[in-house]
Amino acid sequence: MSLLDAYEKTKQELNVTPEKLTEITDHFVSELNKGLSKTGGNIPMIPGWVMDYPTGQETGDYLAIDLGGTNLRVVKVSLLGDSKFTYEAEKYPIPVPMRTGKSEDLWNFIADSLDTFVKKHYGSRGSSMAKLPLGFTFSYPASQDAINEGVLQRWTKGFDIDGVEGENVVPLLQDAINVRNTPVEVVSLINDTTGTLVASKYCDPETIMGLIFGTGCNGAYYDVCKDIPKLEGRLPDDLLKENSPMAINCEYGAFDNEWAVLPRTKYDIQIDQESPRPGQQYYEKMIAGYYLGEVLRLILLDYYSQDLIFKDQNIKPLQVPFAMDTSFPSRIEQHSAPFVEGLFLDSFNIKTTEEERNIIHDLCLLIGTRSARLSVCGIAAICKKRNYKAGHCASDGSVFNKYPHFKERAHEALNDIFQWNCDPKDYPITLIHAEDGSGVGAAVIACLTEKRLLANKSVGTIESKL
Ligand SMILES: Nc1ncnc2c1ncn2[C@@H]1O[C@H](COP(=O)(O)OP(=O)(O)OP(=O)(O)O)[C@@H](O)[C@H]1O
């Protein structure tokens, strides 16, 4: 077999046909419903306890932190009403060993970063001022019975820290903050997708969902309280009477963990088997930023083992797991094939032939296209479930923002599923760039929560203390 033959085979394996997209989407709808049922399913479908649509008129000053898979962001937000806001943000990269380190190291890191931010942005006023309300955006599956708590169900996105699963993460963080005497009180815990949904709806009433295509992949949308069977018997009367909306954090990276429909390749299977959590997050492992560089690396290693590529070269640096993050395939596709030459020489000391460079470039195109096409199955499933015929899907994350043509490819796949057959600029359901979900969303949610509490409305289950 030649390199070109191997590439053609891979091309077939990574191709997702319109029929397959439809099959995946239909299965996805039933899995979303299963997640809301009393017995539950693979997709957690976590109620986020945001039970109002923002109007754009919310106002006030709030602090927010966002613990993503790669970075911690600390944000100071001023909501100005009229869908307007200002914010100041700082990014603190999460040290790689911390992802699998000790619980207290993580909370100390967050509390230290927060303390640094408060000192920088509030100066000496910090220690004497009233406690600043903080919205904590926690982008891991956490179950909530109320807006100010979150019990981690399981780590995802390569995190695996002992002693946190099964725990309410709000007191863990609050204790670390208190030790430093930082004047901050954690008032709400939200997921980044719920934050994206609410921040974008604050600015654009046509928003129908919030989506993240970053280290992981996930989506949030508004359902209706009475249509959530697993909350039956646990909802206070006011929520049922008012037919309140309820933001749902789907955590749909866990879709199809039983492998009924996803067209997984041997590379996807290997990534799963070598991950800290085999058997989990099958969907996410095929489409999210943490894994796309690894898919490329495994394909190249496979070709190398068949003596088809990088012949007679020492490729040790490329044999290190996760030696390529998703910026590799993304930048390779963005530039033309000659860019590959410098990149492989500088990063791995590997020389490439012209044919190899062209094939590597085209592999990146295939990996990005597969990711975009599979990504829309979650979107299409929510639209089918809620009977949305039009609207904006507010999207964020480096894969959405930086992987070339992600949006166009996603729109093409949506058209494959819904068969609109019109000009792409007239597609009724579109992905648009989200407002900064982590800060603004947390601020709007804190504001909506304050208003509910003032009006004596519920913000949690009957059993929750609020
Ligand atoms: N140029 C790029 N193009 C595409 N993906 C990239 C690029 N640079 C980095 N990435 C990938 O993006 C991921 C980080 O995404 P993002 O910046 O949205 O972080 P995050 O907020 O930590 O993610 P999440 O919200 O899923 O927790 C990393 O897995 C990385 O491999």
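Because the structure is predicted, anything quoted here is derived from the model rather than measured. Just so you know, ligand 1 is whichever comes first in the structure, and atom 1 is the first atom listed for that ligand.
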Please identify which atoms of ligand 1 are closer than 4.0 Å to at least one heavy atom of [X].
{"X": "R73", "answer": "21 (O)"}
{"X": "N71", "answer": "22 (O)"}
{"X": "Y290", "answer": "29 (O)"}
{"X": "G397", "answer": "18 (O)"}
{"X": "G216", "answer": "26 (O)"}
{"X": "I212", "answer": "25 (O), 26 (O)"}
{"X": "D192", "answer": "25 (O)"}
{"X": "S327", "answer": "1 (N), 2 (C), 6 (C), 7 (C), 8 (N)"}

Positive for side chain to side chain contact (heavy atoms under 4.5 Å, CB included) with V376, one of N415, L414, I287: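 The passing option is L414.
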More than 12 heavy atoms of other groups within 6.0 Å of Y87 OH: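 Counting neighbours around OH of Y87, 12 or fewer heavy atoms of other residues, nucleotides or ligands fall under 6.0 Å, so no.
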Centroid separation F339 to H361 less than 6.0 Å: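 F339 vs H361: aromatic centres not under 6.0 Å.
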Sub-6.0 Å ring centroid separation between F310 and Y303: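 Here the rings of Y303 and F310 have centres that are no less than 6.0 Å from each other.
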Atom 20 (P) of ligand 1: nearest protein contact (heavy atom, Å):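 For atom 20 (P) of ligand 1, the nearest protein heavy atom comes out as T215 OG1, 3.5 Å.
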Nearest protein heavy atom with distance in Å, relative to atom 17 (O) of ligand 1: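 The closest heavy atom on the protein side is S398 OG, 2.7 Å.
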Option set T70, L72, I94, criterion heavy-atom distance to atom 22 (O) of ligand 1, minimum: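 That would be T70.
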R264 NZ/CZ over Y282 ring centroid, <6.0 Å and within 45° of normal: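 Cation-pi check for R264 and Y282: passes.
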Aromatic F117 / basic K76 pairing, under 6.0 angstrom, 45° off normal: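 No cation-pi geometry.
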K384/D26 salt bridge by N-O under 4.0 Å criterion: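 The answer is yes: the pair qualifies as a salt bridge.
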Ligand 1 to R331 polar contact by distance, N or O atoms, under 3.5 Å: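 R331 vs ligand 1: no N/O contact under 3.5 Å.
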Polar contact flag for G69 and ligand 1 (N/O pairs, less than 3.5 Å):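 N/O-N/O distance under 3.5 Å: yes.
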ring-ring contact (aromatic ring centres under 6.0 Å, His included) assessment of Y221 paired with Y388: CA-CA 11 Å; Y221 71 103; Y388 292 140; 7.5 Å; no
Location of contacts on T326 toward ligand 1, heavy atoms closer than 4.0 Å: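 Within the 4.0 Å criterion, T326 contacts ligand 1 through backbone and side-chain atoms alike.
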Polar side-chain atom of Q153 near backbone of Y140 as donor-acceptor pair, under 3.5 Å: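 Judged by distance alone, no pair lies under 3.5 Å.
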